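Below you'll find the structure, written out as structure tokens, and then a few comments.
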There are 2 protein chains.
Amino acid sequence: MSTEAASRRGVPDATVARLPGYLRALTALADDGVVSVSSEELSALAGVGPAKLRKDLSHLGSYGVRGVGYDVTMLAAEITEVLGLARDWPVAIIGMGNLGRALAAYRGFATRGFKVVAVLDHDERLVGLRAAGLVVQAMADLPALVREQGLAIGVIATPPESAQDVADQLVAAGVRSILNFAPVVLSVPGGVDVRKVDLGTELQILAFLAQQRTVPTTRTAEVS
Amino acid sequence: MSTEAASRRGVPDATVARLPGYLRALTALADDGVVSVSSEELSALAGVGPAKLRKDLSHLGSYGVRGVGYDVTMLAAEITEVLGLARDWPVAIIGMGNLGRALAAYRGFATRGFKVVAVLDHDERLVGLRAAGLVVQAMADLPALVREQGLAIGVIATPPESAQDVADQLVAAGVRSILNFAPVVLSVPGGVDVRKVDLGTELQILAFLAQQRTVPTTRTAEVS
DNA sequence: ACGCATTTGTGAACGCATGCACAAAGTCAT
DNA sequence: ATGACTTTGTGCATGCGTTCACAAATGCGT
């Protein structure tokens, strides 16, 4: 989608994008002590159709029992494995503005599988201060973080002007996974994955849909 | 994709999702004083292929000139119109935790077309305090906001437990566009649009891609 | 042990999106 | 005015994703 690969290892991109949702639903079920779910129930919890769920799961092998359903714990473990969440991924957040600080403190960020090992900022005046229990480090510390902490994922929470700069430094330091919150298109070399989260874009899509609702004209009488 | 409609008014969903990117690139060009762009240049700035860009733009009518390119100002105005950004959309942010406060202060939020008219929280102890220049209001004020301010879009930045509750209250108050930052699947009646931004999901997708990189096994020797 | 009810896994049809390749349409220079 | 060049707009083919519908497989009750 972003760079080159369309689908890897036989698991389609669209399926991968839904796996986190399934995993979340399964975790919730497990916490409630449920041991087995049907595709019908699980798909409802994840907000997709039952057929889609079954097809998705079929891409990672058969972990269901016909006539019964899926073993909650077993399936959760399998998805965790496929997504690569068995190990812990060290994450660094770059840019300690409003958004960066919020992300650093955000509980949802510390979901199983990820650990914020560092927060950095380009501004020397912020370096040394504490943010969300971590001491803000300088950009120059990036290579050391990769070497010593195994830093694998960089989250860009800077203003748009600095985003490409930060991306370049991340790549140079050896980080090959980037989550970008800045509203710019990053250019990175092949082999580096970038995913973008853009609030403005989402709002604009909502605006379009809202406008369509208020003007349900079919626009047929145009030839007049 | 989410609820019912696949594509409205002849403009495909996939195209709508890319229009904000084109608009951003065009705005940047206009600021630089550029008056005309080719599909080649513009598509590069937006990070898509030239053919895709032309096909996308063809869905909203012909605003280009063959042999020359697109008039930057004209095209920007047209996309602004189609996306429904000519008017201002009143937005409310619900949940004044770390994320909510950051969103309220986030400059990117005040992009042309949107205005944060209120911030609310369920917690009575926060009501009355100031956050990002606005006084935090109570959930009970929602209907009045819709009536008096024309509130159209609600941003949910609460913990997952309260998200469905807040969504219900938004819908009851008449809000039909919701941007959800909580990691839960919201159930809303038809005619209400929900878009979800999920940090955990994005990270997990990155983790999957990263793992695929480290284990480029083609998984062929399985039958043994 | 046997049949019935249930639910998965998947082959096949369909629809949407992408990318190619080229004709249509316009500009510019002479 | 004419020709050469440039760039859009689009018909067509291809591929991916979704959905349907059903056969295969399992459990359960008798």
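Naming convention: chains lettered A, B, ... in sequence-line order (proteins, then strands); numbering from 1 in each chain. What you see is a predicted model; the values in this text were computed from it and never measured.
- Put simply, CZ on A/Arg54 is 14 Å from P on D/dC22, counting in whole angstrom units.
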Step-by-step side-chain contact (heavy atoms from CB on, under 4.5 Å) determination, A/Ile79 to A/Tyr63: CA-CA 10 Å; A/Ile79 295 181; A/Tyr63 282 84; over 6 Å; no
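- Rounded to an integer number of Å, the gap from CG of B/Leu42 to P of D/dG9 is 12 Å.
- B/Tyr70 places its OH atom 18 Å from the P atom of D/dT6, with the value rounded to the nearest Å.
- For B/Asp56 and C/dC16, the CG to P distance is 16 Å, given to the nearest whole Å.
- The existence of a salt bridge linking A/Arg18 and A/Asp56 is confirmed by a sub-4.0 Å separation between a basic side-chain nitrogen and an acidic carboxylate oxygen.
- Identified under the side-chain hydrogen bond (donor to acceptor under 3.5 Å, both in side chains) test for residues 30-39 of chain A, with sequence neighbours left out: A/Ser38-A/Glu41, A/Ser39-A/Arg54.
- Every residue was checked against the side chain to side chain contact (heavy atoms under 4.5 Å, CB included) condition with B/Val35, not counting sequence neighbours, and none meets it.
- Residue-level contact check: B/Gly49 touches neither bases nor backbone, having no heavy atom under 4.0 Å from any strand.
- Between B/Glu40 atom CD and D/dT7 atom P there is a gap of 9 Å when expressed in whole angstrom units.
- The side chain of A/Lys52 places an N or O atom within less than 4.0 Å of a non-bridging phosphate oxygen (OP1 or OP2) of D/dT19.
- Distances shown here put a side-chain N or O of A/Arg18 below 4.0 Å from the OP1 or OP2 atom of D/dT18.
- Within the 4.5 Å cutoff, the side chain of B/Phe181 has no heavy atoms near those of the B/Ile156 side chain.
- With C/dT8, C/dG19, D/dT19 as the candidates, the nucleotide lying closest to the side chain of A/Ser39 is C/dT8.
- Here the P atom of nucleotide D/dT18 and the CG atom of B/Asp13 are 13 Å apart, to the nearest Å.
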Pairs: protein N or O with nucleotides 24-26 of chain C N or O, under 3.5 Å:
residue, atom, partner, partner atom, Å
C/dA24, N3, B/Arg66, NH1, 2.7

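- Going from atom CG of B/Leu53 over to atom P of D/dT10 covers 14 Å, rounded to whole Å.
- Rounded to whole angstrom, the span from the NZ atom of B/Lys55 across to the C1' atom of C/dG19 amounts to 9 Å.
- At C/dG9, one or more side-chain N or O atoms of A/Ser62 fall inside 4.0 Å of OP1 or OP2 (strictly under the cut-off).
- A/Ser177 and A/Arg195 are not linked by any side-chain donor-acceptor pair at a separation below 3.5 angstrom, with hydrogens and angles left out of the test.
- No side-chain heavy atom of A/Val194 sits under 4.5 Å from any side-chain heavy atom of B/Leu206.
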